[in-house]
Amino acid sequence: MGMNWRRHLLEALTLIAAAVLCATVANALAGRERKLVLARTSEQRAASSGRPVTTGTVAPVTETVVPTTTTVATATAPHAPAPRTPLPPVTTTARTPAPVPAPAPPPAPAAAARQFLPHPDKEYVEIGYDDVANLYGQKALFLDARRTSVYEQGHISGARTFSVWESDVDEKVNKLYEERNDPRQQLEPIVIYCSGGDCEDSHMLARKLWGLQFNNIWVYKDGFPDWEKRGGRISRGSNP
């Protein structure tokens, strides 16, 4: 009885040992086959990617596959532009070029003021409007020989009243002599006028002044009416 139990135990151990040996051999073979498969797979991938293939013992490669989430962006189509309203045709009107003004002529040189020189051998010299206007521009002294009442109705602006028919005429003449007692001042021009035409008042006053050494007397022969007609400056009242 004891011998049988031992024999059965020895057989069981033998079977277990055989099973373990078979399993170890089987695992070794399976591992070799798996390494070969992995080596071929690596060679194929290297060949497809163009990398050099390394032969020999290939360590087992454990590939971890990371799931990839692909987000597809939805393109939003731009709004279609609103239709444009065609513009009306542009009408081009030919423009006439403005005439180019001719250059202005250079200003004429100012006329030299005429010199009215003294004439001690003559009581007076008659002159016309142009010479009178020239002397007026030179600030010459103007004397009105008409009556004061006529003078106040209108006279050449700046002229002093020296009526030869009034009682104070000699007083006015002497006063003028006192104002111009310097011989050089007595040589300055003086213009005398009256009503023109047949009026002799201006000539009478000129003789009085010439007798007091006023030797530069000029008589406006056409008188105040001509001055007024030509638009000369006129004042009214008793002041010059």
Side-chain angles (χ1 to χ4, degrees), residues 101-240:
R114 176 185 170 184
Q115 293 185 349
F116 296 88
L117 301 177
H119 39 268
D121 56 331
K122 296 180 182 180
E123 296 176 340
Y124 56 84
V125 175
E126 291 185 341
I127 56 176
Y129 171 79
D130 291 340
D131 288 335
V132 172
N134 198 328
L135 283 165
Y136 189 82
Q138 297 182 35
K139 309 297 181 182
L141 175 63
F142 275 63
L143 301 179
D144 191 325
R146 301 174 300 168
R147 294 185 181 274
T148 302
S149 58
V150 180
Y151 171 88
E152 292 178 349
Q153 294 175 6
H155 56 272
I156 296 175
S157 294
R160 296 164 61 175
T161 175
F162 267 65
S163 175
V164 295
W165 298 106
E166 296 179 358
S167 60
D168 62 347
V169 60
D170 290 336
E171 179 183 350
K172 291 180 178 178
V173 170
N174 290 330
K175 184 177 181 180
L176 179 61
Y177 180 79
E178 293 176 358
E179 293 175 359
R180 299 192 174 190
N181 56 9
D182 188 335
R184 291 174 298 180
Q185 293 177 316
Q186 295 173 0
L187 297 179
E188 295 177 359
I190 298 175
V191 180
I192 303 175
Y193 70 91
C194 58
S195 298
D198 297 333
C199 180
E200 292 292 328
D201 297 351
S202 56
H203 301 82
M204 294 172 60
L205 180 59
R207 293 188 185 99
K208 282 183 174 289
L209 295 178
W210 184 71
L212 292 178
Q213 303 301 316
F214 288 100
N215 296 321
N216 200 352
I217 308 297
W218 306 85
V219 173
Y220 186 7
K221 61 181 178 179
D222 296 318
F224 178 75
D226 183 63
W227 180 266
E228 184 178 26
K229 180 179 66 176
R230 292 175 180 271
R233 293 183 60 186
I234 296 175
S235 296
R236 306 185 189 281
S238 60
N239 294 326

- prompt: Under 3.5 Å, is there a donor-acceptor pair between the E126 and H203 side chains?
  reply: yes

message: So S235 and Y151, do their side chains get closer than 4.5 Å, heavy atoms only?
response: no

- request: Tell me, with the steps shown, if N134 and I127 meet side chain to side chain contact (heavy atoms under 4.5 Å, CB included).
  value: CA-CA 11 Å; N134 198 328; I127 56 176; over 6 Å; no

task: Name all residues meeting the salt bridge (Lys or Arg N to Asp or Glu O under 4.0 Å) criterion together with R160; count only those two or more places apart in sequence or in a different chain, and write none if there are none.
output: E179

field: Considering all heavy atoms, the nearest V219-A206 contact
entry: CG2-CB, 4.2 Å

- prompt: Roughly how far, to the nearest 0.5 Å, is CG of L141 from CG of L209?
  reply: 9.0 Å

Minimum-distance pair of heavy atoms, taken over all atoms of V125 and K122: CG2-CD, 4.1 Å

- request: Take W218 and D131 through the side chain to side chain contact (heavy atoms under 4.5 Å, CB included) test and state the conclusion after the steps.
  value: CA-CA 9 Å; W218 306 85; D131 288 335; over 6 Å; no

- request: Please report the shortest heavy-atom distance between D201 and W165, naming the atom on each side.
  value: OD1-NE1, 2.8 Å

message: Are there over 12 heavy-atom neighbours, none belonging to D121, within less than 6.0 Å of that residue's CG?
response: yes

query: For the residue pair H155 and W227, is the inter-centroid distance of their aromatic rings smaller than 6.0 Å?
result: no

query: Taking the side chain from D222 and the backbone from Y129, do they hold a donor-acceptor pair closer than 3.5 Å?
result: no

- prompt: Considering all heavy atoms of both residues, which atom of L117 and which atom of N216 are nearest to each other, and what is their separation?
  reply: O-OD1, 3.4 Å

query: Between R236 and E152, is there a donor-acceptor pair closer than 3.5 Å when you use the side chain of the first and the backbone of the second?
result: no

Using atom types as modelled, flag every donor-acceptor pair under 3.5 Å from a side chain in residues 185-196 to any protein atom, sequence neighbours excluded.
from : atom 1 : to   : atom 2 : distance (Å)
Q186 : NE2    : R180 : O      : 3.2
Y193 : OH     : D144 : OD2    : 2.8
Y193 : OH     : I156 : N      : 3.1

- request: Look up atom OH in Y220 and atom CG in L143, then write down how far apart they are to the nearest 0.5 Å.
  value: 15.5 Å

- prompt: Would you say Y124's side chain and L205's backbone share a donor-acceptor pair under 3.5 angstrom?
  reply: no

Donor-acceptor contact below 3.5 Å, side chain N174 vs main chain D170: yes

- prompt: Given T161 and K172, is the side chain to side chain contact (heavy atoms under 4.5 Å, CB included) satisfied, shown in steps?
  reply: CA-CA 9 Å; T161 175; K172 291 180 178 178; 3.8 Å; yes

statement: Minimal heavy-atom distance between F162 and V173, with the atoms involved, is CE2-N, 3.9 Å

task: Identify the heavy atoms of Y177 and L212 that sit nearest to each other, and give their distance.
output: CE1-O, 3.4 Å

query: Is the backbone of F142 close enough, under 3.5 Å, to the side chain of Y136 for a donor and an acceptor to pair up by distance?
result: no

- prompt: Is there a side chain to side chain contact (heavy atoms under 4.5 Å, CB included) between L176 and F214 once you walk through the steps?
  reply: CA-CA 10 Å; L176 179 61; F214 288 100; 4.2 Å; yes

